[in-house]
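Structure first, commentary second.
As the structure is a computational prediction, the values presented were derived from the model and not from experiment. The basis for the numbers below is simple: all heavy atoms, side chains too, and nothing from hydrogens, waters or symmetry mates. Below, chains carry the letters A, B, ... as their sequence lines are ordered, and counting in each starts from 1.
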Amino acid sequence: MTASTATMTAVERDATLGTEPAWLSDLNPQQRQAVDHGSGPLLIVAGAGTGKTRTLAARVARLVGDGQVPERILLLTFTRRAARELVQRARTLSGNDDARRIWGGTFHSVAVRILRQHGDAVGIRGGFTVLDESDAADLIGLVRDDLGLGEKGRRFPRKETIAAIVSRVANALEPLSVTLAEQFPWCVADADDLRRVLKGYRDRKRANNVVDFDDLLLLWRALLDHPTVGPQLRGQFDHVLVDEYQDVNTVQADLVQRTVAVTGSLTAVGDDAQAIYSFRGASARHILDFADRYPSATITVLDRNYRSTPEILHVANGVADDLEEAHRKTLRTTRPSGVRPRLVTCRDEVAQSVHVCEVILDARERGIDLRDQAVLFRTGHHADGLELELARRDIPYVKYGGLKFLDRAHIKDVAAMLRVLDNPADELAWARVLRLPEGIGPAWSRRIAAAIGIGSWRAGDDSATSPLARFIDAPVNAPPAAQPVLESLARAWRASIGEELAQPPVAEQLRQVGEVARLAWPLRYPDASARLADLDRLSALTSGSALRSRFLADLTLEPPAAIGDLAGPPHLDDDWLTLSTIHSAKGLEWRAVHVIHAADGNLPSDMALRDKEGIDEERRLAYVAVSRAKDELTVSVPLRFHRRRYGLDDDFHHGQMSRFLTPLRDRFDEAAAGGPDDEPEQQVTAAAVDALLDDLWDA
DNA sequence: CATTTATAAATTTTT
DNA sequence: TTTATAAATG
C-alpha cells in the first residue's frame, strides 16, 4: 500500500536521510503500514494484545510530525483515561508537545464541548446540565408520578427500567415496540403508558435545560445536519481516529461518518471479537460493514500478540474459536512458553475467596506485585465475598466498575447545590437541595418550589427573576427548623455566584456549599462525619476545572473510576490489587489475572441466555477476560453460589463450569479447593442448644 | 405534615 | 443494598 500524498511525508523524508523517526521503531510491518497509511479511510482490526495502543499513538505522532494541525485532529476513545494515555504516548513519540493540543476524549465529552459552543442552534442553552444515569431515572420517576402511574395496586416498570428502555431506543435508534419486544418483554403490556412517560420525560428535560447521555450524541448529530453550524463542524477536523470501534452504536457511527464527510480521513481501530457493549446499542455490525460504508477503505489486520504466553493465548483462542468473526484471526504470540493456566473448582464462594487470596499472595511472593495482578468478574457483586476476605487479610485493593461513589446521596447533595448555580431551571437539583433541611418534606418542598417559580421559569428568560435570584434575595417561607440550613444555603450561593471567569474557584465554591452540608448532614445522616470527609476527596478532584460547569460535567462524564481515585490507595500502601468487572477491564493488561465465578449462569450470565446473540456476547466477554493476562491466568469456578444479588435468602444455585471452558479443560492444570474434608461439618443438635440454655438458667 | 418503622420486592454490564 | 408503600407516631 502506498500513501498517495503529493508531498513527502516525514517518514519518507527521514527514510531518505537514513534515519527513522521514533514512532516507527519497534513496529512490525503491519503496524508500520497502519501508521504510514495516507488519508483515506483505514480500519485496523487489532486482536487482543497486538499493540493497538502503540500503533494508534504512533499514527497520531506521525500525523503531528508531518505537520498536521493538532487542533484539527479528533481522537475518540472509550474512556477519557484511554485518550489521555494515547495523547501522552504520542507526545513522547513525536518528541514535542503539539500532540497535547489535539481533540481527545469520549464521544460524550466531545459532544459536551461542541454543545457548549453551538447548543443554541438546536435550542440548548449554554448552562445546560448533564444528567447521569440515576438523575435520568429520578426525572423519569417524577414524570411517572405526575402522570399517576405506578400507583398502588399497579405494577409499573421501575424508573431504572424505564431509563434503560429510553436509552436503548435512543442508542440503537430502533422503535420502542421493537425494543420492548426484544429487550424488555415483561414491559410490553405497559407500552402505551410508557410512551406517555417517555414524552413527558423529553418535555421535562427541555424545560429544565438538561440533557442525558443519549441527548449528547443525538444533539451532536443534529448539529452536524444543521444548515449553518453543520458545514462548520463537518470541516472542523482533518483527521478522525476512533478507538474500540467494535463498540460504537448507530448514532456514533453516523456521527463519525458525518464528521469525516469532507476530508474522508478516518482511522478506526477495533476487534469484533471483543464487542461487549451491545446492551447499550453498540453493534459489531459497524466494524463488519466498514467497507460498505467507506468503499475506499483499507483494512489492516494485526494478529501478532505481544502480551500473553502461548499457554494463555491457547486458552483465549479456544474461547474465541466458536465465535463467528468476520475478521477471523488466530493470534500468534511472540513470547516464550510460560506456566500453564490453572482451572480451580471450588466448593463454594467462600472457598473461592480463600483460594484466590492464597494464589494472589503466592504470586506476590514470587515477585508479581499486587499492582500487576487483577481479579476479574462478570458483575459487581461477584466480588463481594472476595472483598471481605481481602479486608480480613489486609490485602489492599481498588475496585473498578459497579462503583457508586457519585450515586451516594451526600455526593449528589453537593453536586445539586452547585448545579442550581449553573442552571436554576434544574428541577431535579432543586428537589434534592430542598430536601436537605430538617422539617421539609414533600409538601413544603412543593410549596417553596411554587413560591420561587421552580419548574415554571425557563433558562434564558430574562423577563422573570430566576428561582435562584429569588431564593437569595428574600427568605422563603418554611418551618422554623429549616431556617438555619436555608439561610446558610443562601449565604453559600451568594458567595459562589458569578459569571463565567468571575466566579470564585471551584474549590472555594465547594467549601461554601460544604458549610451547608456541615449544618444539614448531622441531622440527615447517622454517619455524617464519614460523609463530611468525602468533601475533601471531592475537593481534590476540582484541580484542573476552572469552571463549575466543567467540574460538574467532568464529574458525571468521567466519574472517578475507582475508590482509589478518591481515597488514595488503602493503608497508604504503594501496592494494591485491582478488582474489576470484565467490562471495565477492556483495553487493560496484568501479569497475573484471576477470573472468578466462571460458572455457567454467571459467565455466561443466565440473563443473556435468551438467544444466540446474547450467548455470543458472553463468550466475547470471556475472551476479553482471559486475554487480559500476560504471564499467569487462574480461573475459578464455585460449585455453589448465591443466585440473587441481595443475599438474604438461601437461594443457592448449584453451578457447573462455564460452557466456554468445559471444552478447553485440557489446556489448563486443574485443581480443587475447599473439598468436603476441608471443614468437617459440626454436628449441632437441638439438644445441645437446650443444654446451653439450661446452663444459663441454672447458673 | 414530617418522620419512624415495618414490610416487600428487585434481573448485569456503562458513557 | 435501595426503594416504595402503609401505618403509626410526633
Side-chain angles (χ1 to χ4, degrees), chain A residues 76-82 105-112 130-134 136-138 141 144-145 150-161 163-164 167-168 170-171 183-187 212-217 244 247-249 251-252 276-282 376-382 384 400-404 407-409 435 437-447 478-479 481-482 523-524 553 556-559 561 580-586 597 601-610 614 617-618 620-621 624-625 643-649:
Chain A
L76 291 164
T77 54
F78 205 71
T79 63
R80 282 205 284 181
R81 197 185 61 210
T106 60
F107 279 92
H108 293 86
S109 66
V110 170
V112 168
V130 182
L131 301 185
D132 69 17
E133 186 80 46
S134 69
D138 287 347
R144 183 193 55 186
D145 293 347
E151 305 259 300
K152 59 168 181 173
R154 288 194 58 165
R155 255 181 301 118
F156 200 68
R158 309 184 55 202
K159 59 185 169 115
E160 286 82 4
T161 310
S167 188
R168 171 78 201 190
N171 279 290
Q183 311 291 327
F184 303 89
W186 65 94
C187 300
D212 60 22
F213 286 143
D214 310 324
D215 285 328
L216 287 173
L217 300 182
E244 310 282 7
D247 284 320
V248 299
N249 61 35
V251 183
Q252 291 166 323
I276 53 176
Y277 278 91
S278 72
F279 70 92
R280 67 179 217 208
L376 306 183
F377 34 84
R378 175 66 177 86
T379 73
H381 71 265
H382 283 167
D384 290 351
Y400 288 78
L403 173 80
K404 299 219 207 86
D407 272 347
R408 310 273 301 280
R435 220 176 300 143
E438 183 87 42
I440 297 186
W444 271 107
S445 174
R446 249 196 318 277
R447 207 173 296 160
L523 301 163
R524 237 335 123 203
T556 37
L557 290 177
E558 190 185 37
S580 175
T581 57
I582 298 173
H583 283 91
S584 294
K586 187 168 80 156
H597 277 288
N602 284 335
L603 186 67
S605 160
D606 47 15
M607 266 163 295
L609 301 181
R610 205 171 329 126
E617 174 127 329
E618 298 291 310
R620 293 191 291 267
L621 265 169
V624 169
R643 187 204 282 282
R644 311 183 133 272
R645 171 149 46 147
Y646 316 109
L648 295 169
D649 51 16

Which nucleotide, if any, forms a Watson-Crick or G-U wobble pair with B:dT11, using both distances under 3.5 Å?
none
Could you work out which one of B:dA2, B:dT15, B:dT3 sits closest to the side chain of A:R280?
B:dT15
Side chain of A:R144: nearest nucleotide among B:dT3, B:dT13, C:dA4?
C:dA4
Side chain of A:R524: nearest nucleotide among B:dT11, B:dT14, B:dT3?
B:dT3
Between A:E160 (CD) and B:dT11 (C1'), how many Å, whole number?
12 Å
Whole-Å C1' distance, B:dT12 and C:dA4
22 Å
Once you measure the plane-to-plane angle for A:H108 and A:F213, does it fall in the parallel (<30°), tilted (30-60°) or perpendicular (>60°) bin?
perpendicular
One pair to check against side-chain contact (heavy atoms from CB on, under 4.5 Å): A:L216 and A:V130. What are the steps and the verdict?
CA-CA 8 Å; A:L216 287 173; A:V130 182; 4.1 Å; yes
Which residue, A:L217 or A:I440, contacts DNA chain B at a nucleotide closer to its 5' end, judged by nearest heavy atom?
A:I440
Taking atom P in both B:dT13 and C:dT3, compute the distance separating them and give it to the nearest angstrom.
15 Å
Walking DNA chain B from its 5' end, the first of A:T556 and A:T379 to be reached, judged by nearest nucleotide, is A:T379
So, the side chain of A:Q183 versus the backbone of A:R168: is there a donor-acceptor pair under 3.5 Å, distance only?
no
Specify the separation, in whole Å, of atom CZ of A:F213 and atom C1' of B:dT14.
8 Å
In terms of side-chain heavy atoms of A:T581, which of B:dT14, C:dA4, B:dT11 is nearest?
B:dT14
Indicate, with a heavy-atom threshold strictly under 4.0 Å, whether A:R158 touches base, sugar-phosphate, or nothing.
sugar-phosphate
Given side chains that start at C-beta, do those of A:Q252 and A:N171 come closer than 4.5 Å, heavy atoms only?
no
Gap between atoms CZ and C1', on A:R168 and B:dT15 respectively (whole Å)
15 Å
Please report the distance, rounded to the nearest Å, between CD in A:E618 and C1' in B:dT11.
13 Å
Does some side-chain heavy atom of A:L76 sit less than 4.5 Å from a side-chain heavy atom of A:V248?
no
A:T106 side chain, from C-beta outward: closest of B:dT15, C:dA4, B:dC1
B:dT15
Once you apply a heavy-atom cut-off of 4.0 Å, does A:F107 come out as touching a base, just sugar-phosphate, or nothing?
nothing
Does B:dT3 have a Watson-Crick or wobble partner in any strand here, with both distances under 3.5 angstrom, and which is it?
C:dA8
Any side-chain N or O of A:R447 less than 4.0 Å from the OP1 or OP2 oxygen of B:dC1?
yes
Is any side-chain nitrogen or oxygen of A:S605 closer than 4.0 Å to OP1 or OP2 of B:dT13?
no
Could you state the CG-C1' distance from A:L131 to B:dT15, rounded to the nearest angstrom?
13 Å
NA contact type, A:P442, heavy-atom cut-off 4.0 Å: base, sugar-phosphate, or nothing?
sugar-phosphate
A:R524 side chain vs A:P437 backbone, donor-acceptor pair below 3.5 Å
yes
A:W444 over B:dC1, stacked by centroid distance under 5.5 Å, angle under 30°
no
Starting at atom CG of A:D145, determine the distance to atom C1' of C:dT5, rounded to an integer number of angstrom.
12 Å
Send over the distance from A:R435 CZ to B:dT3 C1', rounded to a whole Å.
15 Å
How many whole angstroms separate atom CD of A:E133 from atom P of B:dT14?
11 Å
